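First up is the structure itself, then whatever we jot down about it.
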Amino acid sequence: MGTRDEPTEPRASHCFWLLLLLWLRALESQACPEECSCYLSPLTVNCQSRGFESIPAELPSESKRVLLQNNRITAVPRRSSLHTSVSVLLLFSNNISVIQAGAFSGFTHLEELDLGNNRHLHWLVADMFRGLENLHTLHLYRCGLRELPDGVFAGLRQLQHLYLQQNQLVYLQVSTHEQHRMEKHSNQNRNQKEA
Ligand SMILES: *[C@@H]1O[C@H](CO)[C@@H](O)[C@H](O)[C@H]1NC(C)=O
């Protein structure tokens, strides 16, 4: 077999099988956690409602959307398996009480972060959102927050939606710079709606 004079057709089919094999290898290397489901484009890791008590030890390296809501996760450590490639991270309705400083450092692609309904969160580290330059939506509703550290939202240049309802906040200190920026954004939104 294969030594006869065969023109282009078999070569094309070899090429197809080779590509398929490479693609399967690539998929395999993404190593979806056993209890989760993974989908491609964009790479989504769905681990919601699986009873996780911590962030799964291994997540595919190019994950874009990581869904971890409705588990029993108690902390987001500084070094977790979360990759900085992630753009949507859903952690709502867990029992997170600790988010270590630096837990989200380097997450420059992060656009939406949902930490809502973690009723024992209570406090935030001042620089925990530092460097999230593409974050546009941040959910912190129903987190038992009593106060916010000064400048906790500083540097979130793209932030357009901030959800803080149902906390125990007694005052909100927003720097004039942040205020100016948010006003600009809300005006832009209004303009877009009118257009
Ligand atoms: C959530 O965490 C708090 C401590 O931070 C603990 O007291 C509580 O029992 C936990 N709740 C559940 C449902 O695990």
Side-chain angles (χ1 to χ4, degrees), residues 31-39 43-61 63-156 159-175 178:
C32 192
E34 215 176 298
E35 303 88 340
C36 310
S37 332
C38 296
Y39 322 100
L43 184 54
T44 301
V45 187
N46 183 358
C47 303
Q48 59 177 300
S49 312
R50 308 307 304 210
F52 282 109
E53 290 177 2
S54 58
I55 293 172
E58 284 191 35
L59 293 170
S61 58
S63 316
K64 294 283 185 283
R65 295 158 46 84
V66 177
L67 319 182
L68 282 162
Q69 66 269 34
N70 296 308
N71 283 292
R72 299 201 298 267
I73 296 168
T74 55
V76 184
R78 187 177 304 113
R79 294 189 175 279
S80 71
S81 57
L82 293 168
H83 290 274
T84 52
S85 57
V86 72
S87 65
V88 176
L89 177 57
L90 305 185
L91 283 162
F92 62 87
S93 302
N94 277 280
N95 197 21
I96 296 168
S97 58
V98 177
I99 298 176
Q100 281 191 340
F104 301 119
S105 90
F107 283 61
T108 51
H109 301 284
L110 194 58
E111 294 175 11
E112 179 172 4
L113 175 60
D114 195 332
L115 290 163
N117 197 33
N118 283 286
R119 291 159 191 247
H120 299 275
L121 193 52
H122 297 313
W123 52 272
L124 300 174
V125 182
D127 59 359
M128 68 176 288
F129 302 125
R130 199 60 50 83
L132 301 183
E133 53 194 52
N134 280 306
L135 193 72
H136 60 63
T137 305
L138 177 58
H139 304 262
L140 285 165
Y141 56 90
R142 211 179 298 142
C143 282
L145 295 172
R146 291 173 190 139
E147 60 179 325
L148 294 170
D150 288 349
V152 69
F153 303 126
L156 299 180
L159 192 64
Q160 297 192 36
H161 307 282
L162 175 61
Y163 300 94
L164 284 165
Q165 68 272 33
Q166 299 186 58
N167 283 293
Q168 281 99 57
L169 296 168
V170 288
Y171 74 99
L172 203 52
Q173 188 175 7
V174 180
S175 74
E178 283 170 335

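These numbers come from a predicted model, not from an experiment. Just follow the structure's listing: the first ligand is 1, and inside any ligand the first atom is 1. Values reported hereafter were calculated over all heavy atoms of this structure, with side chains retained and with hydrogens, waters and symmetry mates removed.
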Next on the checklist: Check the orientation of His161 and Tyr163. Use parallel for under 30°, tilted for 30 to 60°, and perpendicular for over 60°.
Outcome noted: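 Plane angle under 30°, so parallel.
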
What's the shortest heavy-atom distance between [X] and [Y], and which atoms?
| X | Y | answer |
| --- | --- | --- |
| Leu121 | Val98 | CD1-N, 4.4 Å |
| Gly51 | Asn71 | N-OD1, 2.9 Å |
| Ser81 | Ile55 | OG-CG2, 3.6 Å |

Quick check on [atom] - does any protein heavy atom sit closer than 4.0 Å to it?
| atom | value |
| --- | --- |
| atom 12 (C) of ligand 1 | yes |
| atom 2 (O) of ligand 1 | yes |
| atom 5 (O) of ligand 1 | yes |

Item to check | Asn117 versus Ser93, side-chain donor and acceptor atoms under 3.5 Å | outcome: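 Asn117 and Ser93 do have a side-chain donor-acceptor pair below 3.5 Å.
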
Next on the checklist: Would Asn95 count as a polar contact of ligand 1, with the cut-off being nitrogen or oxygen pairs under 3.5 Å?
Outcome noted: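 Checking ligand 1 against Asn95, an N or O pair does fall under 3.5 Å apart.
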
Next on the checklist: If the cut-off is 4.0 Å to any non-hydrogen atom of Ser97, which atoms of ligand 1 fall inside it?
Outcome noted: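 Checking each atom against Ser97, I get 5 (O).
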
Checklist entry - For atom 7 (O) of ligand 1, what is the nearest protein heavy atom, given as residue, atom name and distance? => result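 Ranked first by proximity to atom 7 (O) of ligand 1 is His120 CE1, 4.7 Å.
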
